[in-house]
Amino acid sequence: MKNPYIPYLVEILDAWYEAPGDRCIKTFKVTFADPAVWDVWSHRPGQCAMVGIPGVGESMFCVSSSPTEQGYLRFSIMKTGRNTSALHELEAGDRFYVRGPYGNTFPLDEWKGKNIVTIGGGIGQAPLRPVIQYIRDNRDDYGELTVIYGARTSADHCFKQEFEEMNACGDVCCHLSIDVEEEGWPHFVGFVPQLLLEAEPKPDNAIAVTCGPPIMIKFVLQNLEKLGFQPEQVYTTLENRMKCGIGKCGRCNAGPLYVCKDGPVFSYAQLKQVPEAFA
Amino acid sequence: MVDQAKLREVAREVISREDVRLLIGYRPGTYGFRARPAFVESAEQVEELVFTPACVSNLASYLVLEEKPPLPRGAEPDNRKVAVMVKGCDSRALVQQMVEKAYERDHLVVLGIPCSGVVDMARVEARFPGVLSAGSIIREGDDFVLSFDGKTEKVPAAELLADKCKRCRYPTPLVSDIMLDDEVERFAEDDFSDIAELEGKSVEEKWAYWAEKFSRCIRCYSCRNVCPMCYCEDCILDRLKPVWMRRSVDISENTAFHISRAYHLAGRCIQCGECARVCPVDIPLMELNRKFYKDVEELYDYEPGLSTEATPLLSTFSVEDREDFIL
Amino acid sequence: MADKILKKDKAAEALKELSKFRLFAPAKSDDVVLFRQIEDPAEACLDYANSTVPPKKVVFPQTETLFRFKLGNPELREKNVEEEGTTVIFGLRPCDARAMSIVDNLFSWDYEDPYYLKRRELTTLVGMACVTPPSVNCFCASVGGEPFGTENLDLLLVDMGEEYLVKVLTDKGGKLAETIGSFMENAPEGAAAKAEELAGAAREALSRSIDTSGIEAKLPALWDSPLWKEVSAACLGCGICTYLCPTCHCFDIQDEVEDAEGRRCRMWDSCMFREYTLHASGHNPRPTRKERTRNRISHKYSYFPGKFGVIACVGCGRCVNLCPVNIDILEILGKVVEA
Amino acid sequence: MAENTRETFEPNIVAFLCNWCSYAGADLAGTSRIHYPSNVKVVRVMCTGRVNPLFVMNALQQGADGVLVSGCHPGDCHYMQGNYYARRRFTLMRRFLEYLGVEPARVRMSWVSASEGSKWKEVVEEVVEGVKAVGPMDQFKRRQLNW
């Protein structure tokens, strides 16, 4: 069996900034240096991978591309610490290391035939992106797709172009927001939980998936309840510090859960049993 | 020795005051001769309070150990006073904390305990192993009297006394609001004879000595956490940027850790001996601290933790400071 | 293989023979007993209570390299544990051996941890039965162990006074026994019975106990209980209880670079440290020692048994003996039972 | 690095020099073509008061055989007092390291002013000689133990 601690070398095909600032977000489009890795690598939307540079460290990020996008992986990474800062230095042609994929996935097979609502905030859109992409690539299998997304300012919006495309194509119902009024902003102004109430998705035959800062998730969950969503219909992802990614080091534990193995995807119904999940 | 009834009575009065939120004292431990810290928030809890020669902990540590997570929106912090029981040595930690402006004097209600020495629990347990049911230790003249399992044993104090007490210069607390007993006269002197032998050795012998000690270190950081003077919110040991000390446990990083820990206590260590007491692998940490203590006294005529008016040693200088080694 | 006898005056020769392997045995440093790699049998101290640091460090070193690399070179060179060769831990206590079998669950579920498992495979465990409990705070019998427990051991030695009775428990143990066969003789009739007697007496001598039934289910229900604040009030937040626990297995991974060479390595970590769960954002899901203490107890007595069916505590008593402020896991569990 | 024997040993000395005096002094030595041993690796700091005593420890860990801290003469500090604080700190550090078994020759301090190019040469010579006499630092250098 392969040593799970040894990462694969990847090469950056393309890299660009999604959002500026101190905590800027950069997206990396990468492929394995050894094409044979593609034969053993298969990830599903929601899964994560350890991304790192030997000599600096590793951190867990969700794979922000859908398996339906062939030939590359995408990671959208916010600059927060030592490892992410080092990653941000890298450009197309540079290399780093990836191991994974880790964790569980959004149960997209179970969701077939349902209406899907994604509610994202800031960098929280990264794990939702593969869900949206996957559904769009298998459009006939799913009902309506509603995408709700907000960030602090219009510049902080990730995946801007893709939202524009989605707005234009018509097969996705797209709701965007920013926190504070800006000149020329044609969409909603306010926080994501408010936008959710505004958009008012119907709970019938629907699944809601939310991802974002903890405070946003807290109010989104409340508002989804108000809209009539049952806890079983609501999914989110958890994030904790991680080191091994393979259920050994214990760091990501939230109560009895290993976020890296049992998660990162959990239904709200599941998390209600684990008080530490919301700590 | 402190009258236990009086101690409880005073504690009851103090914790009943509206401006006191917490009283930190001692209570019997869970087995044998042990005593442990007690956190009293209401008058009902004072009945368990004790002070005996088994009360080894320096409770001053808890004044700077409290973690304050962000309060829920709208909640007010509880800024009422904390009452704390201190022995002579422990009181010096309070003084030094105040020298460093860790908190204001009126944040505290100090219950002073003049102390004629506590035991070295390891020595007690080695002498009387296997005692599970509650045993008691009291001081009678030059002896400790230990009662356990229906037996009573008298042991000369010197045989069980903690090392720090054998050279204690300040048995009576230097700061207190309420003194729980009569002053204890200074009964010992400190001539640093304990480190003299090592000081006299060659550098090779010294390194051989310390390399063996440091190689045992498991970096549990109990010495740091128990220390009343180690209270930086952001300790360099935990820093990842820059990495001062790597987390890997080997002779290089362990030595670096011990140098850093001891140096950060230069001119600050008040000789309570807690670090050496808690070390699970018996590294003689006080021998490190005492080297600084001795040098600081010798070179700068400075003893930390004596007066709240003092200036921290390394935040000051004298133009006349010795510089015989400088080229 | 039938039981053997190893005379105490032959023990040194047997150890000498075993030192051709990577041999770890209890040894004294000042007054502290630690498992150390032994080359000279005189270093070993078999007449000991228990080691301060559990022998888990032999199979799960406090710091170990995962792989090495050179800066600017994409090659990652995996640490080869096989090279360490046959390892013998001589004279460990049955609780510490049992602890390894508990930790095995963790390192082999789902992804297999190649470093730990390879080392386990290379290691032969020679136990030393506890004729008298090493400490007043031993409570192995309450959590599924025995002072003469054989679980996970390859050989068990019983101190019979002048000699050790050697019980061969596995094939691996048998092989090891063969290498020191010339120093041993067949056990006389009645030796086994005498050992049984000693085992019974040792069990009787355990002074502390706890009824663990129901604790697993009860702990999650006590999430908001005031008991956690009470039992953690004195906690200093040091790593003694976890680092010295034979079943604690959490680790950190760090990269280290020296000149142009580097390694990725892992080292023990403790859930009692603030930094353990601290997010890069500054948020801490376990903000105070109260939450950390609750997690430590819950992990040992509820989460781990929930996942692997066995309590992650072997009752060795180290955390009780060595806690600087006398936080006593049995007292906490007692409160959980009562609550 | 090549294996050093005591005879051929060329020590690695890290020198923390204050910007205003010692760095300028060393610079003067250079521009005056004063030859001095090339064993010192200079780290320029604004003031000796900025040199954390743990820099010494860290340098010794990373492979220095000796450390020199050099600043303005007492009374001449550009920041008035920085060198006085440094003096206290390094007096204690040096004694402490000696107590742990690090030869005092490895931890040195000097006052070299901007005009003392020749004194800089003497200081470096003395420090290098001193470290040569005690040999390579091998007490707690980061070694690739079990890597």
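Order of the sequence lines fixes the chain letters, A, B, ..., with proteins taken first and strands second; residue numbering starts at 1 for each chain.
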Test item: B:I236 and D:L54 side chains (from C-beta on) under 4.5 Å apart, heavy atoms: yes
Contact check, side chains of D:M109 and B:L327, non-hydrogen atoms, under 4.5 Å: no
Ring center gap for B:Y263 and D:F96 short of 6.0 angstrom: no
Validation row: D:L92, B:L299 side chains within 4.5 angstrom (heavy atoms): yes
Selection from D:M93, D:K119, D:E126 maximising heavy-atom pairs under 4.5 Å formed with chain B: D:M93
Heavy-atom side-chain proximity of B:S260 to D:M57 below 4.5 angstrom: yes
Audit row: B:W207, D:F140, side-chain contact (heavy atoms from CB on, under 4.5 Å) steps and yes/no: CA-CA 10 Å; B:W207 175 246; D:F140 58 92; 3.9 Å; yes
Pairs of heavy atoms under 4.5 Å with chain D: top-ranked of B:L288, B:D324, B:D321: B:D321
Distance, nearest 0.5 Å, that separates OH of D:Y85 from OG of B:S315: 7.0 Å
Heavy atoms of other groups near D:M80 CE, more than 12 under 6.0 Å: no
Residues, nucleotides or ligands: over 12 heavy atoms within 6.0 Å of B:D301 CG: no
Any B:I251 side-chain heavy atom under 4.5 Å of D:Q139 side chain: no
B:E287 backbone acceptor or donor facing D:Y99 side chain under 3.5 Å: yes
B:K206 side chain reached by D:V102 side chain, heavy atoms, under 4.5 Å: no
Which portion of D:L97 sits near chain B, non-hydrogen atoms under 4.5 angstrom: side chain
Residues D:W111 and B:E323: side-chain donor-acceptor under 3.5 angstrom: yes
Portion of D:E122 that has a non-hydrogen atom of chain B nearer than 4.5 angstrom: neither
Option in B:V296, B:N254, B:L313 with maximal non-hydrogen atom pairs under 4.5 Å from chain D: B:L313
Heavy-atom proximity to chain D below 4.5 Å, by part of B:W210: side chain
Heavy-atom neighbours of B:R169 CZ exceed 12 at 6.0 Å: yes
Any side-chain heavy-atom pair of B:I326 and D:F90 under 4.5 Å: no
Nearest-0.5 Å distance, CZ of residue D:R89 to CZ of residue B:F317: 11.0 Å
Part of B:A211 within contact of chain D (heavy atom distance under 4.5 Å): neither
Under 3.5 Å: donor-acceptor pair, side chain of B:Y209, backbone of D:L100: no
Side-chain heavy-atom pair D:E98, B:E199 within 4.5 angstrom cut-off: no
Side-chain donor or acceptor of B:S252 paired with backbone N/O of D:Q61 under 3.5 Å: no
Interchain contact, D:N52 with chain B, by part (heavy-atom threshold 4.5 Å): side chain
Heavy-atom pair count under 4.5 Å with chain B, highest-scoring of D:P74, D:G101, D:P104: D:G101
B:T255 OG1 to D:R142 CZ distance, which is reported to the nearest 0.5 Å: 11.5 Å
Top of B:S318, B:A266, B:A208 for chain D proximity - count of heavy-atom pairs under 4.5 angstrom: B:S318
Cation-pi geometry met for D:R108 and B:F325 (6.0 Å, 45°): no
